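For reference, the structure discussed in these notes is given below.
On a predicted model such as this, the values are computed, not experimentally measured, just so you know. Lettering follows sequence order; numbering is per chain, from 1.
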Amino acid sequence: MIPVYGFLEGDTIGLLILADEQELLAVTAAKLQAAARLRARLDGPLALFVNGHAVELEATVQQAGIKALDRLDVRRRGAR
Amino acid sequence: MAPDDPDDWIDLCRKLDWEFSYVSERDVFPEVQSGHPWLPASDWADWDEPFRTTYGRYVAQQQEKEASVRAVRDAVGGLDDYRQLPAGWLNGLKLHAATLPLAEFAAVIGNLRAARFGRDGAWRGAALFAALDEMRHTQIPLLLMHELVRWDPQFDWTHKFFHTDNWVAIAARHLCDELLLASDAVEFAIATNFVFETGFTNLQFVGLSSLAHGVGDRMFEKMVNSIQTDETRHSQMGAPVLAKIVERDRPYAQYLLDKWFWRSWLLFAVVTGFSMDYLTPLPNRTSSFKEFMQEWVIEQFLQTLGRFGLERPWYWDTFLQGLDHYHHMVYASAYSYRASVWFNPVLPGPDERAWLRAKYPESWGDFDPIWERITARWQESDPGNEFAVHGTAIVSFCDLCQMVLSNGTPRENTASVLDHEGRRYVFCSRPCRWIFEREPQRYAGHKDVVKRVLAGEAPANLLALVRESFGLRHETWGKDAFGGDYPWLQRDRA
């Protein structure tokens, strides 16, 4: 498991999310949505950024080269 | 025999200094304690401050102040008086009570360092009086709040707070250890006496004091007014030190101002911002936190910068944006993780949110949907079912200020990751990252809460973290101030 800093667009705080190396980034994004859902929720197509660079939601955590304590942003597609 | 009128002899005493013959001046006042730049005593000979008091006068004045505080306490400082105060205000009081007294006690050390290593006799004498001041600033809130512990155990955090590894305490210690315990005499004078005491404490002494008056908390009003009279005196040590450093090393003076304005801002945004914009009952609010900042901090700070020929901090635009966002970001975060703090936050209702929208037209549109969601969760839950309306994930923290990663806006959090000498750091903002990068040797070894969790030094389970590391138990951890039961909050159950 890889701990990453997750930021959901519309939320007020960064959350620590545990990502499995083999999981799809869409799953990681869903974990962040679930962790932040008390305060924020994004509907519609999403985009994911690792340390500011766009990555495909269909890639795995490992394929995206995500390292411990990277910054992950989940945003509405087209928001950035 | 001394003349009767102290004005005839005071300057002979307060400016008393001498030349050393058995040791060098640099050994007596080493730079590591006295501060940078190191200047010979002759360069400090014109140092002065306006109060020029004597020990006799000091004791007489302080005795009068103590008697006055005691009289108010006897009249309106009893348990029954506190019971009549609004719940929100009382919880703002818990926030202040915890962060104030032992920080003041740490300031005793900072002032005593200046009383020994300050470079002019008058500076050292004034710093000694300031150390005595800070003792009473420790003792008064401890005494006043002690009465309340038997009624509400959260008031026990007045003394307990700094002794815990609660996340707010870690942040407060990180600030106070550097500001008050570890800084040399020059940095202490500029950071504490000048930036902190001359600038930001106006928020407490003017802003919160006036709100306390409106709410009817005469004891708090009296306490901060009494403390203010001391601060007004000893904050005067800052300007003459700053003037000297500007003259000899302007970039260093600018750096200290930039660094400490930012660090002080983050602290006051939380401690005072919460109280002014969320915990003070709406009918008693006069101005918003932002308005108080604009009137009592920013205006004076900019005037002072102009007087010394210094620039605005390079992050000024970021700071101005933060006025509209930062304390709102942290409050919404803290409310949704309220079991991790020792006071009970208030859920802003429709009227409060309308007031906030009027006061923060630029930013409130980003925050209102958050409170809509939290309110909706309460509507689906029974009153008192706190954990149905509470975050569960571990939150993350800045490696400089140790506060939660809640800087920027809901649209764009400004956190950034930095790799430094094989270790990964995260910062809530560009100024925090900049401060770290200026002095990494000073900050690199500190572990924030997440690093403690990942190192196995703190539990990863939130409830265990709250209990074991944050030092809270059910009686003391934060809950909604009204248990989620508000007259305006309709629970429409089928």
Side-chain angles (χ1 to χ4, degrees), chain A residues 1-21 23 25 27-55 61 64-80, chain B residues 325-337 366-367 369-378 387-399 403-419 423-428 448-451 453-454 460 462 465:
Chain A
M1 299 293 269
I2 301 175
V4 294
Y5 294 116
F7 297 88
L8 184 71
E9 183 186 349
D11 197 6
T12 55
I13 190 169
L15 299 171
L16 190 70
I17 302 297
L18 293 177
D20 190 284
E21 281 181 296
E23 76 187 20
L25 288 174
V27 174
T28 314
K31 286 181 182 175
L32 178 59
Q33 284 258 47
R37 68 174 178 265
L38 174 61
R39 295 172 302 278
R41 174 195 167 108
L42 295 183
D43 295 319
L46 301 178
L48 198 144
F49 300 83
V50 178
N51 296 329
H53 303 291
V55 291
V61 168
I66 289 173
K67 300 193 298 288
L69 303 183
D70 272 342
R71 170 177 177 157
L72 261 64
D73 282 88
V74 174
R75 300 177 160 277
R76 285 184 195 86
R77 192 176 291 273
R80 185 192 267 176
Chain B
H325 290 89
Y326 182 61
H327 66 298
H328 299 311
M329 295 279 284
V330 182
Y331 188 79
S333 305
Y335 181 88
S336 55
Y337 282 92
D366 284 343
F367 293 104
I370 293 166
W371 291 110
E372 288 272 4
R373 289 187 65 80
I374 294 173
T375 300
R377 186 72 74 87
W378 269 119
F387 281 96
V389 193
H390 200 279
T392 53
I394 296 281
V395 302
S396 48
F397 299 86
C398 175
D399 273 307
M403 293 295 290
V404 286
L405 296 180
S406 291
N407 233 308
T409 73
R411 294 167 194 261
E412 185 67 54
N413 191 298
T414 52
S416 69
V417 170
L418 170 73
D419 291 321
R423 193 177 150 187
R424 178 154 278 197
Y425 298 87
V426 65
F427 302 99
C428 70
D448 67 67
V449 173
V450 166
K451 306 294 190 315
V453 169
L454 296 177
L462 185 65
L465 186 69

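Proximity to chain A (any heavy atom under 4.5 Å) is restricted, for B:Y337, to the side chain, taken from C-beta onward. Within the 4.5 angstrom heavy-atom criterion, no atom of A:A34 approaches chain B. Contact of B:Y331 with chain A is not made at all, since no heavy-atom distance falls under 4.5 Å.
Separation of atoms OG1 (B:T414) and CZ (A:F7) is listed at 8.5 Å; rounding is to 0.5 Å. To the nearest 0.5 Å, atoms CG (A:D11) and CD1 (B:I370) are separated by 6.5 Å.
Each of B:S406, B:P410, B:A332, B:S416 has some count of heavy-atom pairs under 4.5 Å with chain A, and the biggest count is that of B:P410. In terms of heavy-atom pairs under 4.5 angstrom with chain A, the leader among B:T409, B:L405, B:V417 is B:L405.
The stretch residues 36-44 of chain A places A:R37, A:L38, A:R39, A:A40, A:R41 near chain B, each with some heavy atom under 4.5 Å from a heavy atom of that chain. Close approach to chain A, defined as a heavy atom under 4.5 Å from one of its heavy atoms, is seen in B:V389, B:H390, B:G391, B:A393, B:I394, B:V395, B:S396 of residues 389-396 of chain B, taken by number.
Here B:R411 pairs with B:D366 under the salt bridge (Lys or Arg N to Asp or Glu O under 4.0 Å) rule; sequence neighbours left out.
At a threshold of 4.5 Å between non-hydrogen side-chain atoms, the residues A:E9 and B:E412 do not count as touching.
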Side chains of residues 12-19 of chain A: which donor-acceptor pairs under 3.5 Å do they make with residues two or more places apart or in other chains?
{"residue": "A:T12", "atom": "OG1", "partner": "B:S333", "partner atom": "OG", "Å": "2.8"}

